[in-house]
Number of protein chains: 2
Amino acid sequence: MTHSDTPQLTLKRFFPYRLANLQAAVSGAVGRLYTGRFNLTHQEWRVLATLSEYPELSAKDIATHTNLEKMQVSRAIARMTERGLLLQHPAAHDRRYLRLQLTEKGLQTYRDIVPLVLEREAYLLDALSAEEQQLLDGLLDKLLERTHQLAEQDKLKE
Amino acid sequence: MTHSDTPQLTLKRFFPYRLANLQAAVSGAVGRLYTGRFNLTHQEWRVLATLSEYPELSAKDIATHTNLEKMQVSRAIARMTERGLLLQHPAAHDRRYLRLQLTEKGLQTYRDIVPLVLEREAYLLDALSAEEQQLLDGLLDKLLERTHQLAEQDKLKE
DNA sequence: TCAAATTTGTTTCACTTGAAACTATAAGCC
DNA sequence: GGCTTATAGTTTCAAGTGAAACAAATTTGA
């Protein structure tokens, strides 16, 4: 290694940068499917997908499931309710909780979108062999685990 | 496969969702290094890194190199100039162009940050074996290529 | 039992952001 | 040359965002 005061950093090879670019591109590619025709934001799509999978969650639960802030969920819910995609009822056992329920229109929207995004996901992953896909899956998990460790470390140092 | 009207989608296993979560976590982990102590935004960091690598680029060039919009670059440049991190001179041959140049303070800031982010990148990637790292690199490239194809397709359909 | 603390969800306020309009300069074309 | 078009960068304006304050309901713990 030659002598140098500053370690080398090449932005184009910097992993966080590469990951950010890929994510933005993937997010855009999938987002184009539901922002235009279905007029859903990214967050609304997540709420829709989560409620389809787990009916009658509360806003809090959705925040947990979707990695969104409770505020973003609150706003997504408000817009979706306004547009007739879901209904809110205060829960009987604890009136702080909202029981959220997709309307038929909400469910239909979900059913319309799912094939589109799955097809696009499949197209993306088709760039990889089955083995590579499985490997990628594991790599993402390992990396995510590390970010949790870093978050822990930083929290302690605060 | 059992019969079902709607193909299955499990948000937690949905690749774009997983990628978005990982990216947010990685971006956060690295961002914490320069947002707090150095008071740089994500975009300012990219501009700083790019100018360190390629001195005297124009704003347009930086936008290209960093995957930022020209507007974001314009704003980053304005803030960084104000804070004494860089200088702008109109280019002699074409006065529309800005010749951007890091000041000593800008360079020093860069030199201070580089070891921190490189260390963090290394820590993240240490979750993977050398082979896995190389593989990941290739996978990201292949996937990125696919997103370009999708962008092309969508552009034509517009 | 009832005051303090906690939890769920909303709202406010200041800041950031993106799209489009705009300014200034240069290039193309007759 | 002079008119149109294109390009670099900035500004404006409306919409989106996050942090923190807030309201309402519930739990805790003397």
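In what follows, every chain begins at residue 1, and chains take the letters A, B, ... in the order their sequences are listed. The shown structure was predicted, so the numbers you read here are calculated from the model rather than taken from an experiment.
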**OP:** Quickly work out the B:E69 CD to D:dT11 P distance and round it to whole Å.
**Re:** 18 Å

**OP:** Could you check which of C:dA19, C:dG9, D:dT7 has an atom nearest any side-chain atom of B:R75?
**Re:** C:dA19

**OP:** Could you tell me whether B:E69 atom CD has more than 12 heavy atoms of other residues or ligands within 6.0 Å of it?
**Re:** no

Original post:
Would one find a side-chain N or O of B:Q72 under 4.0 angstrom from OP1 or OP2 of C:dT17?
Top reply: no

Original post:
How long is the line joining NE2 of B:H93 and C1' of C:dT25, in whole Å?
Top reply: 12 Å

Original post:
Any side-chain N or O of B:Q43 under 4.0 Å from OP1/OP2 of C:dT17?
Top reply: yes

**OP:** Measure from the side-chain heavy atoms of A:L98 and tell me the nearest of D:dT10, C:dT17, C:dT10.
**Re:** C:dT10

Subject >> Closest listed nucleotide, where the reference is the side chain of A:R95 and the choices are D:dA8, D:dA25, C:dG9 >> reply: D:dA25

Original post:
Mapping B:Y97 and A:A92 to their closest nucleotides on DNA chain D, which lands nearer the 5' end?
Top reply: B:Y97

Subject >> Whole-Å gap separating C1' (C:dT7) and CG (A:D61) >> reply: 13 Å

**OP:** Return the value, rounded to whole Å, for the distance between atom NZ of A:K60 and atom P of D:dT26.
**Re:** 16 Å

**OP:** Report the distance from atom CG of B:L68 to atom P of C:dT17, rounded to the nearest whole Å.
**Re:** 10 Å

**OP:** Give a yes/no answer on whether the side chain of A:K70 brings an N or O atom under 4.0 Å of OP1 or OP2 in C:dT8.
**Re:** no

**OP:** Go through D:dA24, C:dG9, D:dA8 for me and flag the one nearest to the A:R96 side chain.
**Re:** D:dA24

Subject >> Parallel, tilted or perpendicular, as decided by the 30° and 60° cut-offs, for the rings of B:Y54 and B:H65 >> reply: tilted

Original post:
Of the nucleotides C:dG9, C:dT25, D:dT10, which has the atom closest to the B:Q88 side chain?
Top reply: D:dT10

**OP:** Any chance you could lay out the side chain to side chain contact (heavy atoms under 4.5 Å, CB included) test for B:R75 and B:R79, step after step, and finish with the verdict?
**Re:** CA-CA 6 Å; B:R75 283 167 175 156; B:R79 283 186 299 256; 4.2 Å; yes

Subject >> Nearest-Å distance for atom pair CD1/C1', residues A:I62 and C:dT8 >> reply: 13 Å

Original post:
Which of these nucleotides, C:dA26, C:dG18, C:dT10, is closest to any side-chain atom of B:M71?
Top reply: C:dG18

Original post:
Any side-chain N or O of B:S74 under 4.0 Å from OP1/OP2 of D:dT10?
Top reply: yes

Subject >> Euclidean distance, atom CG of residue B:L100 to atom C1' of D:dG9 [Å, nearest integer] >> reply: 11 Å

Original post:
Does NZ or CZ of A:R146 lie under 6.0 Å from the centre of the six-membered ring of B:Y123, at an angle within 45° of the ring axis?
Top reply: yes

Subject >> Protein-nucleotide distance (B:H42, atom NE2; C:dT17, atom P), rounded to Å >> reply: 10 Å

Original post:
Contact class for B:T41 (heavy atom, under 4.0 Å): base, sugar-phosphate, or nothing?
Top reply: nothing

Original post:
Say you draw a straight line from CG of A:L22 to OG of A:S27; how long is it, rounded to the nearest 0.5 Å?
Top reply: 10.5 Å

